[in-house]
Amino acid sequence: MSIPDPEGVRAALLEAIQNQITANNPPETEQTFGRLIAAGFGEEEVWRLLSAVLAVELAAILREGRPFSLDAYVKALKALPDLPLDE
């Protein structure tokens, strides 16, 4: 298996998050974006935090061979700016 291009992975994560916000699915993605901006985080930092949450969930899917867990994803979004790896 080849090592994925980090910029390609970053772009794919950002696109997925933008799609979630556009579709309002899950609504917690846009809510979290707004909450973090209102808390004083810069837009670039907010995108980084949202991307980290999605990356952790995707890694868990691959590692555990399980389907996407909306509950785990939303829980991690609501915990931001604390990252799932900080636990």
Side-chain angles (χ1 to χ4, degrees):
M1 180 192 288
S2 63
I3 298 173
D5 169 44
E7 285 305 312
V9 171
R10 181 177 180 272
L13 290 170
L14 290 175
E15 182 179 354
I17 293 163
Q18 289 168 338
N19 290 341
Q20 289 175 10
I21 290 172
T22 299
N24 196 36
N25 184 18
E28 291 84 1
T29 305
E30 184 173 12
Q31 292 165 4
T32 302
F33 185 92
R35 176 175 58 82
L36 293 172
I37 292 292
F41 288 87
E43 195 169 313
E44 186 174 321
E45 180 68 4
V46 173
W47 288 113
R48 187 189 71 76
L49 289 167
L50 293 172
S51 294
V53 167
L54 183 54
V56 167
E57 176 60 18
L58 292 173
I61 289 167
L62 294 173
R63 183 179 59 251
E64 299 166 16
R66 63 164 174 82
F68 176 77
S69 171
L70 181 60
D71 290 339
Y73 183 64
V74 168
K75 181 180 176 183
L77 287 173
K78 289 181 176 182
L80 286 175
D82 294 330
L83 292 171
L85 298 176
D86 293 343
E87 296 176 351

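Taking CD1 of Ile61 as the start and OH of Tyr73 as the end, the distance is 10.5 Å to the nearest 0.5 Å. Separating the NZ atom in Lys75 from the CG atom in Leu80 is a distance of 13.0 Å, to the nearest 0.5 Å. Here CG of Leu50 is found 6.0 Å from CD1 of Ile21. Values are rounded to the nearest 0.5 Å. Considering OG1 of Thr29 and CG of Asn24, their distance stands at 8.5 Å, rounded to 0.5 Å. Note that CD1 of Ile17 and CG of Leu77 are 8.5 Å apart. Values are rounded to the nearest 0.5 Å. For the atom pair CZ (Phe33) and CD (Gln18), the distance works out to 9.5 Å, reported to the nearest 0.5 Å.
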Chi angles and distances behind the side chain to side chain contact (heavy atoms under 4.5 Å, CB included) call for Thr32, Val46: CA-CA 9 Å; Thr32 302; Val46 173; over 6 Å; no
Check against side chain to side chain contact (heavy atoms under 4.5 Å, CB included), Leu13 and Val9: CA-CA 6 Å; Leu13 290 170; Val9 171; 4.1 Å; yes
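Counting heavy atoms from C-beta outward, Leu70 and Val74 have side chains that approach closer than 4.5 Å.
Within 6.0 Å of the CD atom in Glu44, the count of heavy atoms belonging to other residues, nucleotides or ligands does not exceed 12.
Take Arg48 and apply the salt bridge (charged side-chain N to carboxylate O under 4.0 Å, His left out) test, not counting sequence neighbours, and it matches Glu45. Under the salt bridge (charged side-chain N to carboxylate O under 4.0 Å, His left out) criterion, Glu7 pairs with no residue at all, not counting sequence neighbours.
Residue Ala60 comes nearest to Arg66 through the heavy atom pair CB-NH2, 3.1 Å, listed as atom of the first residue, atom of the second, then distance. Among all heavy-atom pairs drawn from Ser51 and Leu14, the shortest one is OG-CD2, 3.4 Å. Of all non-hydrogen atoms in Pro81 and Leu49, the two that sit nearest each other are O-CD2, 4.0 Å.
Looking at Glu43, its side chain never comes within 3.5 Å of a backbone N or O of Ile37 through a donor-acceptor pair.
In this structure, Glu30 does not pair ionically with Arg35, as no charged nitrogen and carboxylate oxygen lie closer than 4.0 Å.
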